[in-house]
There are 4 protein chains.
Amino acid sequence: MVSSYFSDARRLLCPLSLWAKRCPNSGEMTPVGGKRVKKGILERLNSGEVVIGDGSFVFTLEKRGYVKAGLWTPEAAVEYPEAVRQLHMEYLRAGSNVMQTFTFFAGKDNLESKWKDVNEAACDLAREVTEKGDALVAGGISQTSLYKNQKNKLEIKEIFQQQLEVFTRKNVDFLIAEYFEYCEEAVWAVEVLKESGKPVAATMCIGPEGDMHNLTPGECAVRLVKAGASIVGVNCHFDPTISLKTVKLMKEGLEAARLKAHLMTQPLAYHTPDCGKQGFIDLPEFPFGLEPRVATRWDIQKYAREAYNLGVRYIGGCCGFEPYHIRAIAEELAPERGFLPEASEKHGSWGSGLSMHTKPWIRARARREYWESLPLASGRPYCPSMTKPDAWGVTKGTTELMQQKEATTDQQLNELFHKQKFKSSIA
Amino acid sequence: MVSSYFSDARRLLCPLSLWAKRCPNSGEMTPVGGKRVKKGILERLNSGEVVIGDGSFVFTLEKRGYVKAGLWTPEAAVEYPEAVRQLHMEYLRAGSNVMQTFTFFAGKDNLESKWKDVNEAACDLAREVTEKGDALVAGGISQTSLYKNQKNKLEIKEIFQQQLEVFTRKNVDFLIAEYFEYCEEAVWAVEVLKESGKPVAATMCIGPEGDMHNLTPGECAVRLVKAGASIVGVNCHFDPTISLKTVKLMKEGLEAARLKAHLMTQPLAYHTPDCGKQGFIDLPEFPFGLEPRVATRWDIQKYAREAYNLGVRYIGGCCGFEPYHIRAIAEELAPERGFLPEASEKHGSWGSGLSMHTKPWIRARARREYWESLPLASGRPYCPSMTKPDAWGVTKGTTELMQQKEATTDQQLNELFHKQKFKSSIA
Amino acid sequence: MVSSYFSDARRLLCPLSLWAKRCPNSGEMTPVGGKRVKKGILERLNSGEVVIGDGSFVFTLEKRGYVKAGLWTPEAAVEYPEAVRQLHMEYLRAGSNVMQTFTFFAGKDNLESKWKDVNEAACDLAREVTEKGDALVAGGISQTSLYKNQKNKLEIKEIFQQQLEVFTRKNVDFLIAEYFEYCEEAVWAVEVLKESGKPVAATMCIGPEGDMHNLTPGECAVRLVKAGASIVGVNCHFDPTISLKTVKLMKEGLEAARLKAHLMTQPLAYHTPDCGKQGFIDLPEFPFGLEPRVATRWDIQKYAREAYNLGVRYIGGCCGFEPYHIRAIAEELAPERGFLPEASEKHGSWGSGLSMHTKPWIRARARREYWESLPLASGRPYCPSMTKPDAWGVTKGTTELMQQKEATTDQQLNELFHKQKFKSSIA
Amino acid sequence: MVSSYFSDARRLLCPLSLWAKRCPNSGEMTPVGGKRVKKGILERLNSGEVVIGDGSFVFTLEKRGYVKAGLWTPEAAVEYPEAVRQLHMEYLRAGSNVMQTFTFFAGKDNLESKWKDVNEAACDLAREVTEKGDALVAGGISQTSLYKNQKNKLEIKEIFQQQLEVFTRKNVDFLIAEYFEYCEEAVWAVEVLKESGKPVAATMCIGPEGDMHNLTPGECAVRLVKAGASIVGVNCHFDPTISLKTVKLMKEGLEAARLKAHLMTQPLAYHTPDCGKQGFIDLPEFPFGLEPRVATRWDIQKYAREAYNLGVRYIGGCCGFEPYHIRAIAEELAPERGFLPEASEKHGSWGSGLSMHTKPWIRARARREYWESLPLASGRPYCPSMTKPDAWGVTKGTTELMQQKEATTDQQLNELFHKQKFKSSIA
């Protein structure tokens, strides 16, 4: 079925340059005064359309040389706009319908005097790229570095308010509160964003065990919807499989509470079967040894299908998701959406491009059956399949968790090094 | 030693914008007529300087959506110049001293009428970016799709000649013949390039077993040097460990023959302990399931150190090498070179940037000892460590290996699918 | 602490030949009429003593050539008594305090006309060996091949009754109902055994998910104790870690019901982290490819310690447990028991015997720290860490599950072969 | 072919009790004076018959509680004769045609005053069991603990001479010099044994890299045959695959030298793809963590077939080979030999016995195709596939390698512990 679909796939290609004219589901609305008007996020979701999110920014730009691991803050929007713009473009070509402003951890608590410039530049870059295709701009805020220790509601809401002020001025299309470990802080974020009158999505970086205060995913979803979110789900911290399990629990929680909301997932592109409650952060390989865990495009097609079957309609990715992963979502759901993304011009579905290879055993790989059932090797025979997450037992509000103003001193680091031992055992 | 070095590393940063003024080893020569003149490739190598190559183009741009797997040809230089330029910039920032023209498989045999435009555009893009830093432009040619079956020397040399004509006109700084499986064809390439009078480097995509005609690496090196190459080595097909083993054999071959040449390595960033003679091409995971094999930045620092210790001074990467891998070379060899690359501004050596992380167990990872000894997990408990390469026994000139003009027909593909069975066994 | 204990361990050795004279906890009672009387099973457990069970019979004797995989019935007690006796002796020397009669699956339903001879011979062999040391004879019955399909209570109880009649005549010391997948059938077994007046132990081959009718482990334990079992727990189907998890649930169930019973575990010596509800039976490797999963002696010492800490005092093993695994239990709990088993004469605790090896790097392994933290390699680089259990969805009473009287026909087998496909996937 | 063979396999069963009457290839000779005379080892091999060796003694009896790891000496022949006899019986039933006397490391250098009793008892046990079937007694000697350091030829030959004196008196059928790391010492052994006039076999515990003095396998074979060995090959230290590679080199060496000899292999039943020159001794898991490396019966059938195809006709096993592994050799080569071993009565070839299992998915495993292609899982997700052997660089005659008379002192051990560090790395 799908393969016959793709045999004729070329004619479904929807070049960005032509998107407004030809693409059947392109989100085009009746022109008003000669100007094209894109369908809003809720119009799309309400009509059952699939919305494809974007992928990784901080992790991808770290590897490209524009973001520093540790603080993970997005100064690059100001410092290297061409690098950020290029990444946006790649996601747009891959099929993304949303350009999130590159404003992760970009509140005043993390960026201090630079916060405003960064937020403004990020909005401009996202808008510039969305103009080239069928995508919307989403203003994004994330958890503060304050909540864990201080829980000062007013101060925290003030940070969100400041970012929202920029988003409003720049007239983003909708808003996303993402990467929240604590439901309470996420609810505050939604409350602030809701004041704008724009649609609000909210995703937490939690797994099936729920938030750091042990609220279940179902209960988190209920509270977020009651606070005003129209779209809820999860992002980051866990792999697609675990993230879909979590969203399923959210869905069931909403159904039990007779609430309605659209579902959204933006998981890692890293396999994390061995994660504990805090997800990949606690894996010993975080963040500089995650390479063997990267999902293939085929893993992601499977994720897209399963997300769709679960009823999720806003499907994207978080850390580790490269443009080709987003393209894999768009290719898997091309039958439902009716077209392929621009970047599929450079990709044969299920490896069909390999039919041009000179070596016959490579040509023999030009088919779905091959890639779908291939067990990948790690090429690392001295390494295990899983590791044991760190579990220092300090997840809740100890002073060790406070964001420091200065870099950790050598003395402090030595204490930590001493505390950390390689955990090995007869497994 | 190294760690005390890096505690003061910040002052070694060499911003690209200032490269000509401040950086001690920047390759600047006495100005002639007011114009800065960069040191040439042989001047650098003759004086013992480390030259850092660039990384992956076709594989990286495939993932970004601009190259199609199968033919792997570089039309993007014409179609999407901003994407190619951006990747060049990332390598420059990461520390590369060479921008290879994006002309892989770009002869008339593969690109037909488009070949000239692509070669010219690639030269212009490489030159444009080298102007922003201390890098040279290398014009690159690679094996033809003709040799395996026809071995028509004149026709093949004609293809190289055509590309050389463009490189000469665009005045590239030196020339690289790379990705040759057969020494004889590589020798022809060197002979053609040598006519230009520019320095010629030649790398073959072979392992310790030698070329497809069973010439040893040592013998290959000898023939290449005799043909006129000043720099010889390997690129692609094997991981850093195996590639260094091959280059060691080349070195020994040259010594035995009392020949002198500079050594060069541009290996894969994929672990390939299980490869056969033809390298990663034959792994069942090639090219869409290689993710678990990707090297970490720490793997690459180890590679850079070992390459340096072996006497290799032109150190770069091939498929799978992302900008952060190139940066890892530059960081490992910063003590020898005297400065860090621009992109290290966004990277703490050996994870030192993590000292800013809020979670103390992440801060405890801010040190060399941690990353150097961490056994990575694949996160794939249902997958093995190694796989068995395809070995169809048709490596030498069968008709099945001929480059087809048209896409393989369904009929032909079905025959191949039938021929290919999943190789499983009690291992 | 433990290591200082063992430095003086030699004097704790309790040769079997002297057991009645010297060993402090040897179970010796005041002689009555000049004859030694052993302490009964409940006396031992009530006084807090550790009772060490025996290990694998069917699996071990299959490998030695005396039991046939498939039916797994114990005709060897009649056919090859010297082989069965030898295995009993090895467990006795290893520290076992219980010799279970080799009567697994030995009801009339499986053995037909041979059942009586086998049960009698098994009793005699167990008694003969227990006379040589401080061990008791336990008559053992296991689930019938009838329950799954017919559930004829009278017929099933009749089978148990027949075996009990032999056990009573042979005067075994106590009784064990083991390897029950359904609590209801286990309760019937306990009810029958209870009539004898002898102490009754009951273990089910279930995991944390409970029995095949979805009764929780806690509920199973409660029903077994109410039916008359003095000792309850689990045997077979899962590895030590999972089995202890299950027994913990049983313990909590009993506490919640304010019932008292002794706890008992006899798990597999195979690692089964990937098992589903039916345990290792469903692993694709069952029963002829389990080798890589075999626990080391160090794994078993860890198990013994954890079982002890959980309050389990009857600690033994099931399939895969070889004599050296039982010895490992006895060595780990030697501080608590006050002596080492006979077979420790041929074993240096924690590898101390290696201090005699000629190669210094082997001598360097003569210590606990080494073995306790060594990550074992499988030596199988083409194999994964885990597999996916079969899950045919026919666990409850379909006709496919009926014990056949005749060997499956080729026709029937072909249908099964067709139904079974190798389950592979992008994991 | 083979499977149709086995469909009728039952009638090939050759019960030991009847061996002399019915079995076509039973080695029976024309009776002389009413007494059956068995065919000798060379008669068998010269006529092209397959001779099946026995399996592991020290490793297997260590696990059963009768041998101590470290010295690995065979006092059990005197102390626990019933345990040794039982193991001999199991190998006989499994199909072995040779009972090696249990005299490993049983020279005066290791056993001191006990050496004579042990050698005599071992001869008697082996003879007693061979009388029950079609097997020969082979007197076995192995390398001394003196050679490495002293190389006193006279003293070493004296040790061999003493054992030979016992073998001659007990009239063993032929002689085996096995487990030699140095060809020179093996040659001395052959020279001594040859004086008896009985056939001599010689196997070295070497891999493809050759002996500890860097003699190639081919050269070793040549020297052994020139010294008088009629049968040469390898035993111990490496897995079947590597051992066959080594024997192939021996075969080629003999052919090049125009010498003739029978070939023999008795490899480990442990997978050792990661071994260095000294084999499994140097693996970090030696000797108490080798469990995950144990070969399955199917691995061994593959080994038997490949050995046969290579021309090896004396096929047995060493450490790790249990009776069921020997049975696997006999089953694989049943078509060539014309009968199945006694123990196959308790084994269905290629799992055919599973056709009686109640669960249909287990019945579906009753076939060769299933077991032959099943990738086994280790069930150890925190462990790697391979480890790095110790390589202390003291293999040649340093004082650290001398056999100590007394147990290593704590002081000496601590120095070794300090020297040994866990070797971990980014693999």
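Lettering of chains follows the sequences in order, A, B, ..., and the numbering in each one begins at 1. Here the structure is a predicted model, which is why all the values come from computation and not from measurement.
B/Y270 places no side-chain N or O within 3.5 Å of a backbone atom of A/G379 that could act as its donor or acceptor partner. A donor-acceptor pair under 3.5 Å is formed between the side chain of A/E285 and the backbone N or O of B/A377. Looking only at distances, no side-chain donor or acceptor of B/Y66 sits under 3.5 Å from a matching main-chain atom of A/A343.
Contact of the A/L354 side chain with the B/P287 side chain is registered, since non-hydrogen atoms from C-beta on lie closer than 4.5 Å. Put simply, the side chain of A/P273 reaches to within 4.5 Å of the side chain of B/P381, judged on heavy atoms. The shortest distance between side-chain heavy atoms of A/D299 and B/R380 falls below 4.5 Å. Side-chain contact between A/Y382 and B/S385 is absent, with no heavy atoms from C-beta onward closer than 4.5 Å. Contact annotation: the side chain of B/K359 approaches that of A/K148 to within less than 4.5 Å [non-hydrogen atoms, C-beta and beyond]. Taking 4.5 Å as the limit, every side-chain heavy atom of B/R64 sits out of range of all side-chain heavy atoms of A/Y91. Contact check for A/R365 versus B/F288: no side-chain heavy atoms found under the 4.5 Å cut-off. Between A/W361 and B/Q278 the shortest side-chain heavy-atom distance falls below 4.5 Å.
Here the rule is side chain to side chain contact (heavy atoms under 4.5 Å, CB included) with B/Y80, and of A/K346, A/M89, A/E90 only A/K346 fits it.
Of the listed residues A/L283, A/I326, A/T272, A/D239, the one with more heavy-atom pairs under 4.5 angstrom with chain B than any other is A/L283. Note on B/G351, B/A76, B/C275, B/G70: by heavy-atom pairs under 4.5 Å with chain A, the leading option is B/G70. Counting heavy-atom pairs under 4.5 Å between each of A/D274, A/L290, A/I281 and chain B puts A/I281 at the top. Contact tally against chain B (heavy-atom pairs below 4.5 Å) for A/M386, A/R85, A/Q86: the top residue is A/Q86. Per-residue counts of heavy-atom pairs under 4.5 Å with chain A were compared for B/R327, B/H325, B/R297; the largest is that of B/R297.
At a 4.5 Å heavy-atom cutoff, the contact between B/A295 and chain A is made by backbone atoms alone. Neither the backbone nor the side chain of B/L61 comes within less than 4.5 Å of any heavy atom of chain A. Using a 4.5 Å cut-off between heavy atoms, A/R293 touches chain B through backbone and side chain atoms alike. Of the atoms belonging to A/A94, not a single heavy atom falls under 4.5 Å from chain B.
Counting all heavy atoms, side chain and backbone alike, A/F286 lies closest to B/W371 at O-CH2, 3.3 Å.
In this structure, OG1 on B/T387 lies 9.0 Å from CG on A/L376, to the nearest 0.5 angstrom. Atom CD of A/E291 and atom OG of B/S378 lie 13.0 Å apart (nearest 0.5 Å).
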Walk me through whether B/M356 and A/K68 qualify under side chain to side chain contact (heavy atoms under 4.5 Å, CB included).
CA-CA 10 Å; B/M356 295 301 290; A/K68 186 157 187 177; over 6 Å; no

